[in-house]
Amino acid sequence: MKMTFTFKPTSWLWALLLLWSTGTFAQTVKGKIIDENQQGLPGVNVVEKGTTNGTSTDANGAFSINLTGKAPILVLSFVGYTPQEIPVNNQTSLNVTMKTDNRLLNEVVVVGYGTQKKKDLTGSIASADLVAFKESPNVSILQSLKGSLPGLTISQTNRAGDEPSINIRGTSTLNGNTSPLIIVDGIIFNGRLSDINPSDVASVDVLKDPSSKAVYGSQAANGVVLVTTKKGRAATKPSITYSGSYAVSSPTVDAKLLRRDAFLEKIRDINYLTAFTKESGYTAPNPAWTFANSELFPVSLAGVNSTNDYDWYGDLTQNALITNHNLSISGGSDKTNYFMSGGYTNEKGLIKNDDYGRYTMRINLDTEVTKWLTLGANTSGSFTNFFKDAPDMNSIVGTNPLVLPRDENGNYRINPIGDFQVNPFLSAENDRYEVQSRLVGNFFGIVRIPSIPGFSYRLNFGHNLKYFKNYAASIYGAGQTGSASKNDATQYEQTLDNIYNYKKSFGKHNIDVTALYGYNIAKFNNCLLYTSR
């Protein structure tokens, strides 16, 4: 929403008061965060409460953040330390000491095909603090994990709905696969984490070293990411929760293209040896030099003699917006727990036609049939739409303001600047229909034998079905002769796990033994049709 105010010169005081009341003054706060040993803490998340405005501390624990709220509060969070909320109160410098959260040692984390307390672990396991990102309008759970776990690297994406790559403790191969194994609710998940609604996720644990991930074998060579979704609580009344957000995003660096005058000046500066006189120390223009002496192509030279000043960047970008709506209901009786949710996400990227939509639904249910038998199901559906083709940023920055996208007849120029660069508007004119639908049904049963305390048997039976539809048509394809394609594909995976577990305590000592036998099968069918004139 854009608002315009007009003030008389004598009303400057009222203008300042209005700016203050709307919280639009920017306030810069610097500081340092240390631990109990007076050592700087790197990687601490520093977020302005109620916003997505945040940063993290550097290697020495120092940070700097520009605040925009009227009464800003900084939320500090770091794995293994107690989160803190610090009111700024017009301060420009803050020094904060983070305290170790001893309660974390008693927290239960997912490890292998079971759970353990952190204090009993010897392997390297990191748990994400998702509470710190509860109010952030994140499209994917990976956005919340970025920069929040030591040793976990998540790449940057430049398209709406893209799935970033994940590395645990750096790249371990030059040409091989570096992606970690993804486990969702105890079942191997060979899909996009972006298909999971972030509001449905209860916890994320990362297994990083050989001892903690050995139970998964060689497929976990690059680490394991364990995702656990929410479930209801026993003996609680139904709880209905709605969350919605509307966010505006912008590039970190708004590197717009040069307009006509600046572009011509750049060309002249590049050719300074001939465009300026040597006698003046290359500061005075050479009257004999013209743009015809540069390396501009003829079509661009024609634009020099005209008044062309086309804004390619402005016409090929759009307002980047993110809309989220999530509704859930959870609860349970003495024997049954349930969690049901539905979500809708729409993301418009910076580039024209870079639009992404996602619908999700989830039903998690478990019930204690008898004292020795528990049955449950974790089911979900995700339906995504990538809408249209978006121009490539490289083709946008390869243009110049001296040329126009269309010719005198109103048709798009194929190579507007006269070289191999294709007009970025061409891809925006393509017809495209791309949808992906994923249905997941994981069913489990847990058997406990009363005569053998501590022993349990769990059967997991998982199904993962995905449909791909990608239809495209372009009048500029196949060398500008026109082309069309139709791609229908299905992917089905089935997992069966037999898990035997025995736990026994002897005073301060514990025995926890897990044995597993199972299989995983995958089928992929693809039908591709392509035609051109």
Side-chain angles (χ1 to χ4, degrees), residues 2-6 158 248-321 348-355 388-431 474-477 479-482:
K2 183 178 181 181
M3 301 180 67
T4 303
F5 299 95
T6 303
N158 54 15
V248 179
S249 62
S250 60
T252 304
V253 178
D254 195 8
K256 294 184 178 180
L257 301 181
L258 298 177
R259 299 303 295 269
R260 177 184 175 88
D261 292 342
F263 180 78
L264 292 177
E265 183 181 355
K266 173 186 174 182
I267 298 299
R268 187 180 291 108
D269 291 343
I270 291 175
N271 295 270
Y272 75 96
L273 290 176
T274 55
F276 298 89
T277 61
K278 182 178 180 180
E279 293 76 16
S280 65
Y282 301 106
T283 58
N286 181 359
W289 185 86
T290 65
F291 286 98
N293 302 123
S294 68
E295 296 181 357
L296 288 176
F297 288 98
V299 65
S300 295
L301 287 175
V304 173
N305 301 320
S306 68
T307 58
N308 290 348
D309 187 13
Y310 188 74
D311 185 7
W312 290 87
Y313 183 87
D315 285 357
L316 285 166
T317 57
Q318 61 187 5
N319 293 328
L321 307 173
K348 296 176 70 68
L350 176 68
I351 307 300
K352 182 180 179 180
N353 285 353
D354 186 17
D355 301 337
K388 300 179 180 180
D389 274 340
D392 182 69
M393 180 59 78
N394 291 329
S395 64
I396 297 177
V397 301
T399 60
N400 71 63
L402 305 179
V403 296
L404 303 177
R406 296 180 185 269
D407 59 20
E408 296 78 6
N409 298 320
N411 300 317
Y412 280 117
R413 303 177 190 270
I414 304 302
N415 306 103
I417 64 175
D419 64 357
F420 64 90
Q421 291 281 357
V422 177
N423 192 330
F425 276 101
L426 300 187
S427 58
E429 293 296 312
N430 294 344
D431 290 327
S474 173
I475 61 175
Y476 303 102
Q480 286 77 56
T481 63

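These numbers were taken from a predicted model, which means no experiment stands behind them. Values below: all heavy atoms of this structure, side chains included; hydrogens, waters and symmetry mates excluded. All residue numbers refer to positions in the sequence shown, counting from 1.
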Inset, instruction - Over all heavy atoms of both residues, which pair between F291 and R268 is shortest? Give the atoms and the distance, please. - result: CZ-NH2, 3.4 Å
Legend entry - Rounded distance (nearest 0.5 Å) linking atom CG of N286 with atom CG of N271: 11.5 Å
Inset, instruction - Say whether, by atom type as modelled, one donor and one acceptor occur between the side chain of N423 and the main chain of P405 under 3.5 angstrom. - result: yes
Legend entry - Check: R260 and Y310 side chains under 4.5 Å, non-hydrogen atoms: no
Legend entry - Residue pair L426 / I414, side-chain heavy-atom distance below 4.5 Å: yes
Inset, instruction - Determine, stepwise, if the pair Y282 / L273 fulfils side chain to side chain contact (heavy atoms under 4.5 Å, CB included). - result: CA-CA 7 Å; Y282 301 106; L273 290 176; 3.9 Å; yes
Legend entry - Chi angles and distances behind the side chain to side chain contact (heavy atoms under 4.5 Å, CB included) call for I267, V304: CA-CA 11 Å; I267 298 299; V304 173; over 6 Å; no
Inset, instruction - Examine the side chains of N293 and T274 and answer whether a donor and an acceptor come within less than 3.5 Å of each other. - result: no
Inset, instruction - Mind checking the CG-NZ spacing from D354 to K348? Nearest 0.5 Å is all I need. - result: 9.5 Å
Inset, instruction - Report the distance from atom CZ of F297 to atom CG of L402, rounding to the nearest 0.5 Å. - result: 13.5 Å
Inset, instruction - Give the minimum heavy-atom separation between S427 and P391, together with the two atoms involved. - result: OG-CA, 3.3 Å
Legend entry - CG on D389 to OG on S474, rounded to 0.5 Å: 8.0 Å
Legend entry - Smallest separation among heavy atoms of D419 and Q421, with atom names: OD1-N, 3.0 Å
Legend entry - Salt bridge flag under 4.0 Å for residues D355 and K388: no
Legend entry - Rounded distance (nearest 0.5 Å) linking atom CG of N430 with atom CG of N353: 9.5 Å
Inset, instruction - Check whether any side-chain heavy atom of L316 sits under 4.5 Å from a side-chain heavy atom of T399, and report yes or no. - result: no
Inset, instruction - Indicate the ring-plane relationship of F425 and W312, choosing parallel, tilted or perpendicular according to the 30° and 60° boundaries. - result: tilted
Inset, instruction - For atom CG of N411, decide whether the heavy atoms of other residues, nucleotides or ligands shown that lie under 6.0 angstrom number more than 12. - result: yes
Inset, instruction - Determine, for D407 against R413, whether the closest basic-nitrogen to carboxylate-oxygen distance falls under 4.0 angstrom. - result: no
Inset, instruction - Step by step, work out the side chain to side chain contact (heavy atoms under 4.5 Å, CB included) result for F276 and D269. - result: CA-CA 9 Å; F276 298 89; D269 291 343; 4.0 Å; yes
Inset, instruction - Assess whether side chain to side chain contact (heavy atoms under 4.5 Å, CB included) is satisfied between V397 and L257, documenting all intermediate values. - result: CA-CA 7 Å; V397 301; L257 301 181; 4.0 Å; yes
Inset, instruction - Compare every heavy atom of Q318 with every heavy atom of G349, then report the nearest pair and how far apart it is. - result: O-NE2, 3.0 Å
Inset, instruction - Report the distance from atom CG of L258 to atom CG of D309, rounding to the nearest 0.5 Å. - result: 10.5 Å
Inset, instruction - Provide the closest heavy-atom pair for V403 versus S300 in the form atom of the first, atom of the second, distance. - result: CG1-OG, 3.9 Å
Inset, instruction - For residues P416 and V299, report the shortest heavy-atom separation together with the two atoms involved. - result: O-CG1, 3.4 Å
